[in-house]
Amino acid sequence: MSCTTARFSFELYPPRNAVTAAALPATIDRLAAAHPEFISVTYGANGSSRTSSLDVLRYILENTDVSPMAHLTCVGSSHAETNRLIREFMDAGIRRFLAVRGDPPAEGDAGDDGLGELRSAAELVQLIHRVQAERVPYQEVPVPGLPAAREVDTGRERVQIAVAAFPNGHPHSRSVSQDIDTLLAKQAAGANLGITQLFFHPDDYLSFAQRAREAGVLFPILPGIMPVTSPARLKRMLELSGEDLPSELAIQLEIEPTEEGQREIGIAWATDFARRLLDGGAPGVHLYTFNRHEAVLDVLDRLDLLSFANPTTSSRTTTEKEPA
Ligand code: FAD
């Protein structure tokens, strides 16, 4: 896939306090001006961010021309609760979802694994499709060119349902083949896009994507990428992903004394990483933004992905700093 035709998307998380909430609309506006395919918004397992996630999604829907994607989790919930949650998001106008199971709390009741009634992301995918089908009334519509004829129109709008993929295996899976089987189960349930966990070596993704394709996974799998612009950001990223430390990048960041130098290392690294993935056949890149626009837009600019979308973005972003 050549860089200039690759698709890209962004991930945000709901703000955690009033200060970050006040800053987020400007970030979203800057990200939306780059014309991503979608902007996804994470969801706290067990519903902890239900309102704040929906607020961010509504902002994207009402103030930009970009399609929002809602992450949803099902861990710890009943069928009825998850059904209501999906309905609420659909009523708000959301038509793209990232269906993830979520992690149960570490300390479950004895004999209870904390997962709830829906046991996996694949079951959540199925439920989203079911809710979508139930919401749309059955109707008969005229057949063009046949005045007396009527046909059934389910009126069903297509929903996009993305799912998580783990190039280096989910921490709880027993083997890579189990992860591929899980992806196949998600596909059978109606998922039509994969987005990966963070990883640090292009071949992790490229070999996983090839194995998935050979096993029959038909939907595109977007690699998730985060520009790591400081040692603190790298530490946080490793905590979030549970991946092994990329020692070369870690050393470069540690020995560079200036923040500006660290930022340049992180952006150059992410650009090279994304280029190798795209050259290797990735259908696009999904950028973890950490709720900041500068670094991800710089990466896209260096990949030449912004030139048609927003020619004014480049020079401005290179001079802006962002915190760890
Ligand atoms: P599943 O795919 O259902 O299962 C995870 C693993 O468990 C599988 O890979 C498989 O190895 C094993 N497994 C599942 N079903 C079976 C089975 N029937 N038999 C045997 N083994 C099985 N978490 C949040 O809380 N909020 C978010 O917004 C969020 N967004 C994410 C976005 C991305 C792109 C990614 C990669 C992860 C995200 N997560 C999020 C984290 C996710 O909730 C956790 O990784 C969770 O542990 C598993 O979710 P899953 O959807 O992969 O689960």
Side-chain angles (χ1 to χ4, degrees), residues 9-16 38-50 52-54 56-57 68-77 82 85-86 89 94 96-106 108 113-128 160-191 193-200 204-205 208-209 211-212 215 217 219-226 237 239-243 282 284-291:
S9 50
F10 300 120
E11 178 180 302
L12 296 170
Y13 53 81
R16 296 189 181 128
F38 58 85
I39 299 178
S40 80
V41 181
T42 64
Y43 185 84
N46 66 47
S48 53
S49 72
R50 179 185 183 132
S52 51
S53 292
L54 200 47
V56 178
L57 291 159
M69 174 185 280
H71 296 214
L72 287 184
T73 66
C74 55
V75 68
S77 297
T82 311
L85 175 71
I86 297 165
F89 277 58
I94 306 302
R96 287 184 194 242
F97 296 92
L98 172 54
V100 286
R101 189 197 62 196
D103 288 313
D113 61 14
L115 285 183
E117 285 181 5
L118 293 153
R119 311 295 298 168
S120 69
E123 290 182 48
L124 178 57
V125 172
Q126 259 177 341
L127 186 57
I128 294 172
Q160 182 173 58
I161 308 185
V163 289
F166 297 85
N168 290 319
H170 184 275
H172 294 154
S173 88
R174 287 180 293 274
S175 63
V176 179
S177 63
Q178 188 185 339
D179 284 290
I180 305 263
D181 287 348
T182 306
L183 268 192
L184 285 167
K186 292 173 180 182
Q187 176 171 275
L193 179 69
I195 302 180
T196 74
Q197 175 64 291
L198 296 170
F199 57 95
F200 293 104
D204 295 345
Y205 166 87
F208 177 78
R211 287 186 69 164
V217 174
F219 54 66
I221 301 176
L222 290 174
I225 298 176
M226 184 193 284
M237 185 168 160
E239 279 165 13
L240 287 175
S241 66
E243 292 287 318
V285 287
H286 181 66
L287 290 152
Y288 292 92
T289 68
F290 249 87
N291 286 14

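Computation of the quantities below employed the complete heavy-atom set of this structure, encompassing side-chain atoms and omitting hydrogens, waters and symmetry-equivalent molecules. Worth saying up front: this structure is predicted, and the values here are computed from it rather than measured. Counting starts at 1 for both ligands and their atoms, following the listed order.
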Geometric class of the Tyr205/Phe199 ring pair [parallel <30°, tilted 30-60°, perpendicular >60°]: parallel
Aromatic ring proximity, centroids under 6.0 angstrom, His71 and Tyr13: no
From Arg101, Glu123, Gln126, residue fulfilling side chain to side chain contact (heavy atoms under 4.5 Å, CB included) relative to Leu118: Glu123
For Arg50, salt bridge (charged side-chain N to carboxylate O under 4.0 Å, His left out) partners two or more places apart: Glu88
Residues that Phe166 engages under ring pair (Phe, Tyr, Trp, His ring centres under 6.0 Å), provided they are two or more places apart: His170
Considering only N or O atoms, set out every pair between ligand 1 and the protein closer than 3.5 Å, with distances to one decimal place.
| residue | atom | partner | partner atom | Å |
| --- | --- | --- | --- | --- |
| ligand 1 | 2 (O) | Lys186 | NZ | 2.8 |
| ligand 1 | 3 (O) | Ala121 | N | 2.8 |
| ligand 1 | 9 (O) | Asp179 | OD1 | 3.0 |
| ligand 1 | 11 (O) | Gln178 | NE2 | 3.3 |
| ligand 1 | 21 (N) | Gln178 | NE2 | 2.4 |
| ligand 1 | 26 (N) | Tyr43 | O | 2.6 |
| ligand 1 | 28 (O) | Tyr43 | N | 3.0 |
| ligand 1 | 28 (O) | Tyr43 | O | 3.4 |
| ligand 1 | 28 (O) | His71 | ND1 | 2.9 |
| ligand 1 | 30 (N) | His71 | ND1 | 3.0 |
| ligand 1 | 43 (O) | Gly102 | N | 3.0 |
| ligand 1 | 47 (O) | Arg101 | NH2 | 3.4 |
| ligand 1 | 47 (O) | Asp103 | OD1 | 2.4 |
| ligand 1 | 47 (O) | His170 | NE2 | 2.7 |
| ligand 1 | 51 (O) | Arg101 | N | 2.9 |

Partners meeting salt bridge (charged side-chain N to carboxylate O under 4.0 Å, His left out) with Asp181 (sequence neighbours left out): none
